[in-house]
Structure formats: structure tokens, C-alpha cells
Amino acid sequence: MSDSLLSGLNPEQLEAVTLPHQSALILAGAGSGKTRVLTTRIAWLIQSGRARPLNLLAVTFTNKAAREMLTRITSMLPINPRGMWIGTFHGLCNRLLRAHYRDAGLPQSFQILDSADQLSAVKRLMKRLNIDDEKFPARQLLYFINGNKDAGLRASRIEASDDISRRMTEFYSAYDEQCNREGVVDFAELLLRSYELLASNASLRDHYRNRFSHILVDEFQDTSSLQYQWLKLLAGRDSAVFAVGDDDQSIYAFRGANVSNMQSFERDFAIGKVIKLEQNYRSHGAILDAANALISQNRGRLGKNLWTAEGRGEPLRLYQAASDFEEARFIVDEIQNLRRDGVGLSDIALVYRSNAQSRVLEHALFNAALPYRVYGGLRFFERQEIKHALAYLRLIANPDDDNALLRVINFPPRGIGARSLEQLNDAAAAGKVSLWQAAARESGIGNIGGRGSGIGSRGCGKVNKGLAAFVGLIEGMRSACAGLPLPEIIDHVIETSGLKTHYQNDREGADRLENLGELVNAATSFVREAGDVEDMLSSFLAHASLEAGEHQAGAGADALQLMTVHSAKGLEFHTVFISGLEEGLFPHENSALEPAGLEEERRLMYVALTRARRRLYLSFAQSRMLHGQTRYSYESRFLREIPEELMQKLLAPALSFNSGRFRSGRETSGSFALPGQSRMRAALSQPTAGSQWNIGQNVVHPKFGAGVIVNAEGRGSDARVQVSFYDAGVKWLALEYARLSAA
DNA sequence: CTAGCTGCTGTTTTT
DNA sequence: CAGCAGCTAG
């Protein structure tokens, strides 16, 4: 039995799977069988009687990964792994807080704010506190709050040294008060609250420590400081923590991931020996060599070198395009060739650094009638009509949820406008109550008999009729839904809220109606799978927040896969196209300035390269439409970090740029003189006409080094040029002062 | 109160 | 280019 479970594992994988009861760190390279090791370890622990499902906690970063883990385990083991806690950090924390809501100081039906909800909560509070959004942009306050929560810091523990951080800390504190009043928690709060729950409640902590003798963590390099502290708290002296990760694939530092958790883990958990999984079962040799060469440029790595038993395979294919448009055309041509050679479309991925880049690719694919699927769009539970329906449901579960109330109090339109809302807001602020309570009070429902003597009762005018109707609507829904099964509740809400009628009357409402129907279906399957849950409505609402749903329909079809490098992590394809390999785009200009940012970009590139099994295309465009204007750039420095002998340079079919001169940007004006280019630039080169400077010209600046002129404006003493520097980014320079010289 | 217009500002992403 | 916030006209 055990043999079949373990057969086919290589020695390192086998060692990891069958480690004795101790904490361990598995450094698992891309394509080295990481998920297999993790799931086989769990199956082995259970099958060999070393642990019962009840004793296991496994944490992943995405719901998808959690689902996959569960599927694999159930396919390996005949038993039902119920009792196991498998999920994301947020999902597990939610489970903990629901079970112990009283100890955590939360109302039983607390609701979860997703990031969009959180942003609107922040904006709402800013209005209420009269905070100048010029001085404190909502985003900045949001980052401040989330950053501190991710670091485990409450407002009361922040030591503000300057005025700005003092005011942000005050805001943070007010924000938390608002959330508590409304009975809602944001994503970061789920973690912090459950951390505090475990930290302050020794008997609870001991209970879980005794229970979870094995804790397994996937994608450990992506854990935040708070998540790591949470793990440390949950792991008792006798718990074994099995952490699997790859420091080279850490690409989420920008949202709080802390790679140094890996080193801390080695120290804190006294890890004697790190097991390295370095055999790659995915890619051909040339692809791996390229990835290894690139990532070796990063400093402070834990150290690891992927190898494969497969042959070298094809070289990488490099293409220089004159424009993004032409780059897309090249990709389409190659795809058509691949298709002729029998490569399935769904086994081909087009990956890029940022979502905006998909547009030009989509356009070309559409014209070529090639089916494709873009990942990363709006997801099911994030759709407007779904959010509206969910908001009504949230009000049934918890009427104090001001976010939910504001979303639907006038949707569909029922005559409650800005003025009424302002009054309501003032009343709520004055009484320190939720908008709902203020509305109930104003409309007379909150204090029956207190409607006054009729005449002269201030604030009971026309406006409040609308409020009263709304309060009545929600109250009516709540009583009508009591005791109903979840799908019927949702059906009832869609009907009585007026959402159905509204979208029926909307010419473009057909899709939205269909999605609302789909919401009822989603609820039906949720009820079927959830089994025996106490508060089905709240569970479903939490599910909707924590798992935003599949990106888009049409997953099964044979279509090209378009996605950002971030969303490509964990996937593999026969052929991968990485496009837009330009300085400023990949590496992104906002990250390239500081070394840490550049290294993260390089890891991102490493992730992109290692997605390919057999064929890898790298391409860049010399000009690209960005934010509505044409932008000129150099090829990405990452291309220079891949050994030349691994790459085959492809020539443009119709154009004759300097073949074999891909690295010529600094020395010559190269292909900036292409006919197509000068036509596009004709209007822009006018301002500098007659001067010694021209667009496309290579220049040297004493401080910023080499660059190329990409734009120009003004004349005489006002003349300014925009220069894209090789190392220093894109800058506007006044010709009168900048000591530019021609290169 | 709502609809339509103008002006501004833009990474990456999961939960 | 495009999505959103804020303003103005009906």
C-alpha cells in the first residue's frame, strides 16, 4: 500500500515525504514536484497511522491551491479527509473566528470586507472626518492600515514620530472603530484578530496546539510577518511544521510577503537540514539554463540550481519588434505555425508584466480569429449586480453594515439622493449609531409611538418617506426569509429588491440577470457542499468574500491563455510567449529604482521563464502605446542576463533592422530610423526641428548616463526633451540646463 | 435627483 | 486609452 504511494519519488522527494515528526524546510524549485511532495506527505502521515486527519492543518495561498490539494489527497487515500483543516490563511482564520466569535469580540454574523469594500469604507470615513484627500489619498491611508495590520500593529502601538504618521495613525484608529461598530472585518483584520485571539487566550491556544500535531505550509516564501507569527503561535512544542517554498519565486513582497521568514524559520524552528528539490520535471535544458543564469544575478539567495534529465531542447527564440502592434502580429504568426504543428492552443500561454498589455494582443488574436481566454478580469462575486444582491443579503444578516446599506439604499433608484444621505449620515454620526439605526429612527420605525404629535415633528417630511420605505423593505425581506433555504432567500431578495425588474428593463441587463440566476445556482451548490452549517447565510457571504469565484466562464474550450506573470505562477505550458521585455515595463519602472524592487522583478522573470516546457519566445517592442501616447524603450536588461548562446534571434519577415544587433541601442541609433517609425514620429519631431536634437537620438548625460530621446516639446530656451535613460529611467530635461551630449 | 460631461490618474495580486 | 470622481444642466 505504502509502496504505491511512494513509488516514483526521487530520493529527495522521498526523504521529504517520510521525514520523522519534526519541523522541516523544503526548498522546492520550479517544476520539482512541490505539490506532489506536500500531498503525498499528508497521505503518508494518515496512511501510516502517524496522524489522524483531525491532527492536520494545511495552509495555502489561493483557494485554487487548497482545492487541488484536497483533490489530490482524496485521490490517493480511500478515506474521507474530513476533520482536516485545509485552506488559505484567511479561510482558516475565518473558521477560527466564527467558532470563537465571542472570545474574539465579534458579533456572530460579522461580515467580511473585500478590498473594494474596504476602500469605500475608508473613503466614507474620510468624508465623515473631513479629511483632505489631496493631502491624504485614500489609497495611502489604506496601505498604511493594511501595512500595519500585516505587521501585527494596532494603532495604539504605533509610535508616530512625525505629524503625517500621527494623523494616519489617528485615522487607523477611527477606521477600526468604524469596523467594530458595523460588525465588519477586512482581510488583514481576519489575520490580526485571530492572531490576537490565540495570543490572549491560553486555553484556546493550547487546545489547538494539542490538536494540530502537523502543520503544513505551501508557498512559504509568500508568508507575511503576521502570518509567520500566527504559525509560530499555533505550533506548539510538539507540532511539526512542514514548510515548502522557493525563495526564487517570491513575487509578492509588494503586498507584505517577507522572504526572510525562511531564514527566521530555520532559526526559530531549529531546522537542521534543508531538503532541496532541484530536479525539474518540466522544462528542457536550454530553458532551465536561461532561468538559472538569470536568477544567479540576485544576491542573498538561499542557493539552488535546477537541473533536468531531459535534453537541451530548442534554444529560446528572441524577437525584436518595431512596435507593440508588430510584436502582436509576430506572435499571431508564430501561433498559427505552432497550431499547424499540432500544439494545442490551450497549451500556449501569452504572459506579460501588466494587464494593460493584453489589449493589443487581444486585438491581433481577434482579427486572426484565434480563440483566447484572458485571466484576471472581473470575477464572479465582484460583478456589480452580484455585489448588489449580496449587499441586500448582508443587510438581512447584519443591518449595521453601512457599506452594504449605502450600496443599495438607492439601487435600484428609489429617490433617496445625496441630500437625504447627507442628513442620514449626520444623524448617524451625531447619535454614534449605524446608518441603519439612524434610518429606522428617522422613519419612525425605530421608535414606534415616537412618531410625535404629527404636526411640527421636524425631520419627518417628504424625504423620510423614502427612508421609511427602504427600512420597511429590508425588514420585510428579513421576516419573509426567516427559515427559508438559502437559494430561496436569494431568489426572494432578487425579486423584492427590484433588482430583477431593474435589469429586465435595462437593454443591456440580460447578462446581469443571467448572473443573478447563477448566484442562486452558486448558493444551491454551496449548500450541498457545506453540509451542516449553523448560519448558512453568513457562511455563504463569507465564502463570497473569501473566494471571489472563477475569473470567467469558458474554461474548458481549447483557447490560448493570456495572463500576467503573477497569475501564471504555478502553471505550465508547452509554449510560452513573454512579451513586452522592455526597460520600464519589465522590469517595471516603479520597481527598478531600488535594488529590492529590481530583484523582485527578476524573480518575476524567473517565474515567467520556468513556465515553459518545450518552447519559449521572448519579445520586445521598440515603441509601445502607453496611457494614450507612444513610448520608446530599450530592450529589457533581463535579456542581457541570459547567455546569448541559449537564444536564437528571429528576424522580422518584412523589415530589415540590424540583424544580430539586438544590443545595439546604446551605440547606434539602430532601428529608430525605420520608415514606419519616422512616420509615426513626424508630428513629434517638429518642435526640435532645426536644433541639434532629434527624437530617437542617442545621448549621454553626465549624471544619468546613456539614453535615447523619446519626446520633445517647446523651442528656444523653453525646449525640453524626454530621455529614456538606460539606468536612470525616463526623465524630462530642459535643454538649456541639462548638459547633454550626443552619443 | 439623475444623467451626462469633463478632467485626472494611472503596477503587479490574493484574500 | 479608460475608468472614476466631481461638477453642471436639465
Side-chain angles (χ1 to χ4, degrees), chain A residues 59-66 87-94 112-120 123 126-127 133-134 137-139 143 146 149-150 185-192 194 219 222-224 226-227 250-257 324 351-360 363 375-379 381-382 384 410-422 462-463 466 542-549 551 563-570 580 584-593 597 600-601 603-605 607-608 624-631:
Chain A
V59 58
T60 60
F61 272 80
T62 63
N63 292 297
K64 201 171 122 203
T88 61
F89 275 106
H90 295 85
L92 297 174
C93 287
N94 176 53
I112 299 167
L113 301 182
D114 67 20
S115 19
D117 296 333
Q118 192 191 12
L119 184 63
S120 48
K123 286 180 176 169
M126 286 175 67
K127 278 212 180 103
D133 57 357
E134 297 272 293
R139 293 228 164 256
Y143 284 145
N146 289 341
K149 285 191 180 185
D150 284 341
V185 298
D186 57 53
F187 286 138
E189 182 73 22
L190 279 173
L191 294 166
L192 183 51
S194 77
E219 306 278 15
D222 286 336
T223 47
S224 69
L226 179 58
Q227 286 164 344
S250 157
I251 55 174
Y252 287 108
F254 71 92
R255 65 161 206 236
D324 49 350
V351 306
Y352 32 78
R353 177 66 178 83
S354 68
N355 276 312
Q357 286 169 255
S358 76
R359 183 173 299 271
V360 63
H363 184 80
Y375 286 75
L378 200 58
R379 290 177 305 172
F381 287 112
E382 293 168 358
Q384 185 208 104
N410 198 35
F411 194 94
R414 44 177 77 92
I416 303 176
R419 218 167 53 86
S420 316
L421 281 181
E422 206 174 308
K462 241 194 265 172
V463 184
H543 166 79
S545 300
L546 290 172
E547 187 168 350
H551 289 270
M563 65 192 83
T564 62
V565 184
H566 282 95
S567 27
K569 186 166 158 199
L585 196 56
F586 199 179
H588 199 278
E589 56 195 345
N590 296 358
S591 307
L593 299 173
E600 178 145 322
E601 294 285 314
R603 291 192 293 270
L604 207 44
M605 179 69 178
V607 168
R624 180 177 296 277
M625 280 294 276
L626 208 71
H627 302 321
Q629 58 176 274
T630 309
R631 207 172 107 144

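It should be emphasised that the depicted structure is a prediction, and the values quoted were computed from it without experimental measurement. All chains are named by letter (A, B, ...) in the order of the sequence lines, taking the proteins before the strands, and each is independently numbered beginning at 1.
- As judged by a 4.0 angstrom heavy-atom cut-off over every strand, A/N410 is placed among residues touching the sugar-phosphate backbone only.
- Classified by interplanar angle (parallel below 30°, tilted 30° to 60°, perpendicular above 60°), the ring pair A/H566/A/Y252 is tilted.
- One can find a donor-acceptor pair under 3.5 Å joining the base of B/dT15 and the side-chain atoms of A/S115.
- No contact: A/A188 has no heavy atom under 4.0 Å from any strand.
- Residue A/E601 is classed as a base contact, given a heavy-atom separation below 4.0 Å to a base.
- Here A/N355 lies in heavy-atom contact (under 4.0 Å) with sugar-phosphate atoms only.
- Applying the 4.0 Å criterion to OP1 and OP2 of B/dT14, one finds that A/K64 has every side-chain N and O outside that range.
- Side-chain N/O atoms of A/T564 include none lying less than 4.0 angstrom from OP1 or OP2 on B/dT11.
- Within the structure, every side-chain polar atom (N or O) of A/N63 is placed at least 4.0 Å from both OP1 and OP2 of B/dT14.
- Atom P of nucleotide B/dT15 and atom CZ of A/R255 are separated by 8 Å, given to the nearest angstrom.
- Contact annotation: A/S224 does not reach the phosphate of B/dT15 (side-chain N/O to OP1 or OP2, under 4.0 Å).
- The side chain of A/R139 contributes no N or O atom lying less than 4.0 Å from OP1 or OP2 of B/dT11.
- Nearest nucleotide to the side chain of A/H588, out of B/dC1, B/dT15, B/dT11: B/dT11.
- A/K569 comes within 4.0 angstrom of nothing in the nucleic acid, heavy atoms only.
- No close placement of the A/Y352 and A/F586 rings is indicated, their centers lying 6.0 Å or farther apart.
- At distances below 3.5 Å, not a single donor-acceptor pair connects side-chain atoms of A/S591 with backbone N or O atoms of A/P587.
- Annotation: side chain of A/E601 is in contact with side chain of A/R353 (closest heavy-atom distance under 4.5 Å).
- Judged purely by atom type and a 3.5 angstrom limit, A/S545 uses its side chain to pair as donor or acceptor with the backbone of A/I112.
- Nucleotide B/dT11 holds its C1' atom 11 Å from the CG atom of A/L626, rounded to whole Å.
- Using a 4.0 Å heavy-atom distance criterion, A/G628 is classed as a base contact.
- Rounding to whole angstrom units, CG of residue A/N590 and P of B/dT12 are separated by 10 Å.
- Nearest nucleotide to the A/P413 side chain, out of B/dT13, B/dC1, B/dT2: B/dT2.
- Distance CZ (A/R624) to P (B/dG10): 21 Å, rounded to an integer number of Å.
- Evaluation of A/F254 against the base of B/dT12 yields a stacking contact (centre distance < 5.5 Å, interplanar angle < 30°).
- The shortest distance between the side-chain N/O atoms of A/N94 and the OP1/OP2 oxygens of B/dT15 is not below 4.0 Å.
- Atom-to-atom, CD of A/E547 to C1' of B/dT13 comes out at 16 Å; the value is rounded to the nearest Å.
- For B/dT11, the base is syn relative to its sugar; the glycosidic angle is within 90° of 0.
- For A/H627 and C/dC1, the NE2 to P distance is 14 Å, given to the nearest whole Å.
- At distances below 3.5 Å, not a single donor-acceptor pair connects side-chain atoms of A/E547 with backbone N or O atoms of A/A544.
- Contact annotation: A/R359 side-chain N/O to C/dA2 OP1/OP2 distance is under 4.0 Å.
- To the nearest angstrom, P of B/dT12 lies 18 Å from CE of A/M605.
- Inspection of the A/Q118 and A/N146 side chains reveals an N or O donor paired with an N or O acceptor under 3.5 Å.
- Both A/R414 and A/V565 lie near DNA chain B, and the one whose nearest nucleotide falls closer to the 5' end is A/R414.
- Rounded to whole Å, atom P of B/dG10 lies 20 Å from atom CE of A/M625.
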